[in-house]
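Reviewing the structure listed below.
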There are 2 protein chains.
Amino acid sequence: MNERKRNVMEAAHALFVEKGYAATSIQDILDQSGISKGTFYNYFPSKNELLMSIFEKINLETDQRRAHVIAGRPVHDKEAFIQQVKVKMEVSKENNLFALFQGVFISEDEELKKFIKQHHISELRWMQRRVIEVYGMRVYPYSIDLAVMMHGMIHHTVHFVMAIEADVNVDQVIGYAMRRVDAAIEEIIHTNDALLDPHVLEKWQPEEERARERKKSRVLQEIGAMQREADERSNELLVFLQDEMREETPRRLVMETVAGTISNNETLMLRIKEFFS
Amino acid sequence: MNERKRNVMEAAHALFVEKGYAATSIQDILDQSGISKGTFYNYFPSKNELLMSIFEKINLETDQRRAHVIAGRPVHDKEAFIQQVKVKMEVSKENNLFALFQGVFISEDEELKKFIKQHHISELRWMQRRVIEVYGMRVYPYSIDLAVMMHGMIHHTVHFVMAIEADVNVDQVIGYAMRRVDAAIEEIIHTNDALLDPHVLEKWQPEEERARERKKSRVLQEIGAMQREADERSNELLVFLQDEMREETPRRLVMETVAGTISNNETLMLRIKEFFS
DNA sequence: TACCTGTTAGAACAACAGTACAAAAATTGA
DNA sequence: TCAATTTTTGTACTGTTGTTCTAACAGGTA
């Protein structure tokens, strides 16, 4: 991306955080970043599109920070999960997202609304996946309920705490919510109390992303199957492949090279190639 | 209120529900209600003030419907509580408040923001009070946590269910949340796990309202004390006074007359007079 | 009728997002 | 180096918005 364009985005971002979206006029952004109107509309089709670009940048940063947190730790590490949730709240706070996200809804811009909705859904999807990873497959039938419940509790409480300026920090809120979920899980499983179908989010995901996740899960499944009958050396390599697979952008060459040295690797190689195709 | 003015409010309300706040221009409202701009600004100082008037009307209706639900039932009646919560969600749905409330935040209008915040706080205050009434004083130290948790869970889930168009109704969501709260209460009390100070909301309430609630609670306390040593006739009258006290606008004359016929009524009469003073 | 008062209609205004376009500047490529 | 191309700029313009201004109007009173 253009240096100049990034500059405009940063200036706009700062203004949005400081004054809010609606209160920031395009002229403000022009003054702040020292470009002309023509250039602005050369970079961004509209003010809304600019906002979306900023959101995307923030979301990317969130994903990276989350990936960094989990790196080298097992997926069921609860502490890692807590820290990942915290990342989201920190980013939201830093960027004044509570106000910004809200702000979008009035705009009545269909594109923007859809964008936010999609983001919300993918966040819940993430949480659902992580809940299953942390608590195991036995929570699967209740995973979307737990994800929505947790997301609702944390966001709502943090929002509330900020509004009334209570002397409580994000860690405490997340800790509280985690303890509630921990206890609720036993009770929910015991009474088999499910509200929503855990597949309900799938049809709201973009087809492309779904396909990618399907392929990814096939690779991981194959790795899991191989681990059961692998010697020590192969196992270490398989664990590496597993970790690499969970990175933001798994490196194709590295994976194929490593996979190539494992015996009986035909299916695995096929799955990897499928994934990168 | 002026017939014509009510008409304008209704037209605007319908348009806001249908198209959203921002997407409804004042011109739309003028066309719909057949008045001129001058008249509009004679009735309402601004578009925001009009929105606030509509909110106020909706909130009043909510309060009334809630009062109607509880009428003649004991405060600890859990089913009544559930129905009252449902009232709120129904009203929100009917009036598209999820979108409308969101819409307010971008407006960057300080007055409007404060108004919504105040409403949110008073809703939580209501929920806190009701939680204590339903579950008893033993949940008092955790009452604001429970209120925020419940509010967050229900609103978030309903919002989510609507967004993804899941086949789940409000009753199911509220039922689910209630079961979670029921179980959480035992666990929270057992582990003495509190997050927020139950007094935290008080300083955000308008002083006037706080005083009124204090006085009201004194009357109800006195009624409760008297009930313990009352004969059957007095008890029936006390129950009536209790119900009347919980109405939107308790009738002074009726209450004083009834209270006057109960023996040892000096303190009660004093509290009633204080309340109406 | 003449006067006053509050209501009404609609033109006028200012701020805004976005468009159009010609001139100037910067970049590219031979 | 220099011409071709792309990017940037400045400015004027459009159309819409919420809000204000002002003059006409209606209805009651002296």
Side-chain angles (χ1 to χ4, degrees), chain A residues 1-16 18-55 99-100 103-113 115-116, chain B residues 1-16 18-55 99-100 102-116:
Chain A
M1 171 167 347
N2 192 335
E3 167 69 25
R4 209 175 162 83
K5 186 173 172 183
R6 197 197 335 274
N7 207 29
V8 176
M9 274 180 72
E10 273 163 22
H13 185 178
L15 284 168
F16 289 167
E18 185 194 331
K19 318 188 353 177
Y21 177 67
T24 303
S25 71
I26 290 194
Q27 194 55 53
D28 290 337
I29 300 168
L30 305 184
D31 295 346
Q32 188 74 19
S33 54
I35 59 161
S36 72
K37 217 167 209 184
T39 311
F40 179 92
Y41 280 97
N42 199 20
Y43 289 154
F44 308 99
S46 70
K47 197 184 168 191
N48 279 342
E49 290 277 345
L50 163 62
L51 183 61
M52 284 200 249
S53 302
I54 292 172
F55 275 152
L100 271 192
V104 157
F105 274 79
I106 202 171
S107 77
E108 308 293 342
D109 180 278
E110 278 312 315
E111 280 302 311
L112 206 39
K113 272 199 205 168
F115 180 86
I116 299 296
Chain B
M1 177 176 331
N2 192 334
E3 167 69 27
R4 209 172 159 88
K5 184 173 173 184
R6 198 196 334 276
N7 208 30
V8 176
M9 274 180 74
E10 273 163 22
H13 186 179
L15 285 168
F16 289 167
E18 187 194 329
K19 316 185 0 178
Y21 178 66
T24 303
S25 71
I26 291 197
Q27 195 55 52
D28 291 338
I29 300 169
L30 303 184
D31 295 346
Q32 189 75 19
S33 53
I35 59 161
S36 73
K37 252 187 183 155
T39 310
F40 180 90
Y41 278 94
N42 200 21
Y43 290 153
F44 309 99
S46 70
K47 195 184 171 192
N48 280 342
E49 290 277 345
L50 164 61
L51 183 60
M52 285 200 249
S53 302
I54 292 173
F55 274 152
L100 271 192
Q102 306 271 33
V104 158
F105 275 79
I106 200 169
S107 75
E108 307 293 341
D109 180 277
E110 279 312 314
E111 281 301 311
L112 205 41
K113 273 197 202 168
K114 207 189 284 175
F115 180 86
I116 300 296

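So you know, we letter chains A, B, ... as the sequences are listed, proteins then strands, and number each from 1. Computed over heavy atoms, backbone and side chain alike; hydrogens, waters and symmetry mates excluded.
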| message | Checking B:Y43 now: which residues fulfil ring-ring contact (aromatic ring centres under 6.0 Å, His included) with it, not counting sequence neighbours? | response | none

| request: Show your working on side chain to side chain contact (heavy atoms under 4.5 Å, CB included) between B:F115 and B:N48 and close with a plain yes or no. | output: CA-CA 11 Å; B:F115 180 86; B:N48 280 342; over 6 Å; no

| said: What range of DNA chain D does chain B touch, first nucleotide to last, counting atoms under 4.0 Å from its heavy atoms? | reply: D:dT17 to D:dT20

| request: Using a 4.0 Å heavy-atom cut-off across all strands, classify B:K37 as base, sugar-phosphate, or nothing. | output: base

| message | What is the first contacted nucleotide of DNA chain C and what is the last, in 5' to 3' order, if contact means an atom lying under 4.0 angstrom from a heavy atom of chain A? | response | C:dA17 to C:dT19

| message | Below 4.0 angstrom, which residues in residues 38-46 of chain A have at least one non-hydrogen atom near DNA chain C? | response | A:Y41, A:S46

| query | Any idea which heavy atoms bring A:K47 and A:T24 closest together, and the distance? | reply | NZ-O, 2.8 Å

| remark: Walking DNA chain D from its 5' end, the first of B:S25 and A:G34 to be reached, judged by nearest nucleotide, is A:G34

| said: Taking A:Q27's backbone N and O only, do any of them form a donor-acceptor pair with A:K37's side chain (distance below 3.5 Å, no angle check)? | reply: no

| field | Backbone of A:I29 reached by a side-chain donor or acceptor of A:S33 within 3.5 Å | value | yes

| remark: Residues at least two apart in sequence or cross-chain that pass ring-ring contact (aromatic ring centres under 6.0 Å, His included) with B:F40, listed by chain then number, are B:F44

| remark: The salt bridge (charged side-chain N to carboxylate O under 4.0 Å, His left out) partners of A:D28 (sequence neighbours excluded) come to A:K19

